[in-house]
> 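I'd like to ask you about the structure that follows.
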Amino acid sequence: MTIKTMQQLLAEKHQLELDINRLKDNAKRRARTRRLIQKGALLEKYFNAYDLSVEETEKLLATYANFVKNRTK
């Protein structure tokens, strides 16, 4: 068994911290992606927006945005 120097231990610690942060970021990104997919599916379901383009969907949402904002205050 070799004795690791303080510099090696600090480098390993730093690498582990980077790995942990990367995993947390990936988990947040996956959660956001899942949420966006679920909301998009609900939009299609309740507005029957299956065949709308992105631009058409944006216009549809813009049409109802003020109504929804005023009702949720």
Side-chain angles (χ1 to χ4, degrees):
M1 177 183 258
T2 61
I3 298 175
K4 294 184 179 184
T5 66
M6 184 64 97
Q7 187 176 11
Q8 289 171 325
L9 291 172
L10 288 173
E12 286 180 13
K13 179 183 176 214
H14 179 69
Q15 185 59 49
L16 288 172
E17 289 170 348
L18 290 175
D19 291 343
I20 289 169
N21 288 336
R22 191 175 307 113
L23 288 172
K24 286 180 183 177
D25 289 344
N26 286 342
K28 288 178 186 176
R29 191 170 26 258
R30 281 192 309 271
R32 179 178 184 271
T33 300
R34 178 176 167 78
R35 185 179 69 251
L36 291 172
I37 291 169
Q38 289 173 328
K39 287 182 177 184
L42 291 171
L43 170 73
E44 285 186 342
K45 177 181 176 182
Y46 287 105
F47 285 92
N48 199 20
Y50 301 103
D51 297 325
L52 296 180
S53 69
V54 173
E55 293 80 15
E56 292 168 331
T57 304
E58 184 175 12
K59 287 179 184 178
L60 172 70
L61 292 174
T63 302
Y64 292 102
N66 286 331
F67 174 79
V68 172
K69 287 178 186 176
N70 290 334
R71 296 283 182 166
T72 58
K73 287 182 179 181

> One pair to check against side-chain contact (heavy atoms from CB on, under 4.5 Å): Glu12 and Gln15. What are the steps and the verdict?
CA-CA 5 Å; Glu12 286 180 13; Gln15 185 59 49; 5.7 Å; no
> Between Asn21 and Glu17, is there a side-chain donor-acceptor contact under 3.5 Å, judged purely by atom types and distance?
no
> Let me have the donor-acceptor pairs involving side chains of residues 52-60, under 3.5 Å, with sequence neighbours excluded, atom names and distances please.
| residue | atom | partner | partner atom | Å |
| --- | --- | --- | --- | --- |
| Ser53 | OG | Glu55 | N | 3.4 |
| Ser53 | OG | Glu55 | OE1 | 3.4 |
| Ser53 | OG | Glu56 | N | 3.1 |
| Ser53 | OG | Glu56 | OE1 | 3.4 |
| Glu56 | OE1 | Ser53 | N | 2.8 |
| Thr57 | OG1 | Ser53 | O | 2.8 |

> Does the side-chain contact (heavy atoms from CB on, under 4.5 Å) test come out yes or no for Gln38 and Leu42, once each step is laid out?
CA-CA 6 Å; Gln38 289 173 328; Leu42 291 171; 5.5 Å; no
> My understanding is that a hydrophobic cluster links ILVMFWY residues whose side chain heavy atoms are under 4.5 Å apart, including indirect links. Using that, what else belongs to the cluster containing Leu10?
Met6
> Would you call Asp25 and Arg22 a salt bridge, taking side-chain N to carboxylate O under 4.0 Å as the test?
no
> Report the distance from atom CG of Leu36 to atom CG of Leu43, rounding to the nearest 0.5 Å.
12.0 Å
> Is it true that, when you exclude Tyr46 itself, more than 12 heavy atoms of the residues, nucleotides or ligands shown sit nearer than 6.0 Å to its OH?
no
